[in-house]
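Here's the structure we're looking at; comments come further down.
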Amino acid sequence: MPEQRDYFEEVYEVVRLIPKGRVTTYGTIAKYLSLRAGARMVGWAMNGCHNRPDIPAHRVVNSIGVLTGKHFFGEPNVMQRLLEDEGVRVENDRVVDFKTMFWDPMIELAI
DNA sequence: GCACTGACTAGGG
DNA sequence: ACCCTAGCCAGTG
């Protein structure tokens with residue numbers, strides 16, 4: 001079965017659905033897709049998203065709203081700038097009012 | 001084939 | 001409130 005690598009595409013698809021100005025977490029995506037793999041694999045999937053320019057990876061943060069993947073955007077402040085450009089305030093590498101900016105596919109997409 | 005690492009998370013001390 | 005540990009799966013040495 002070609003399911004081994006297809007969850008990469010599923011992750012990308014969910015990330016693409018994140019509305020502008022909202023953020024979500026690796027664990028949430030993993031849970032939404034019911035991935036046997038954990039949140040780590042979602043992060044690993046994002047590692048391969050450089051081939052897909054239409055993936056807003058900057059809208060994916062860790063469970064407490066910290067921009068853990070900012071170092072993978074070339075310059076350290078690129079991820080923060082992308083978020084703030086969308087109206088997401090970032091302070092000290094952490095999303096301000098993360099609870100409000102949080103986007104949950106379980107709820108928003110109403111599975 | 002074993003051990004370590006990592007864009008993670010939750011739980012315990 | 002902070003530090004550490006244990007699960008988790010794929011890639012790399």
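The basis for the numbers below is simple: all heavy atoms, side chains too, and nothing from hydrogens, waters or symmetry mates. Predicted model, so just to flag it, every value in this text is computed and none were measured. Chain letters run A, B, ... following the sequence lines, proteins first and then strands; every chain starts at 1.
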Exercise. Do A:Tyr32 side-chain atoms and A:Gly27 backbone N/O form a donor-acceptor pair below 3.5 Å?
Worked result: no
Seminar exercise, completed: Those residues at least two apart in sequence (or on a different chain) that pass side chain to side chain contact (heavy atoms under 4.5 Å, CB included) with A:Gln80 are A:Leu67, A:Glu84, A:Val90, A:Asp93
For this session: Going 5' to 3' through nucleotides 6-12 of chain B, assign each nucleotide B (protein heavy atom under 4.0 Å from a base atom), S (under 4.0 Å only from sugar-phosphate atoms) or - (no protein heavy atom that close).
Result: BBBS---
Exercise. Do A:Arg59 and A:Glu86 sit within salt-bridge range, that is, some charged N less than 4.0 Å from a carboxylate O?
Worked result: yes
Exercise. With a 4.0 Å cut-off, would you call A:Arg52 and A:Glu13 a salt bridge?
Worked result: no
Problem set entry | With sequence neighbours excluded, residues passing side chain to side chain contact (heavy atoms under 4.5 Å, CB included) with A:Lys99 | none
Exercise. Roughly how far apart, to the nearest Å, are C:dT5 and B:dT5 at atom P?
Worked result: 14 Å
Exercise. If the C1' atom of B:dC4 is compared with that of C:dA6, how far apart are they to the nearest Å?
Worked result: 16 Å
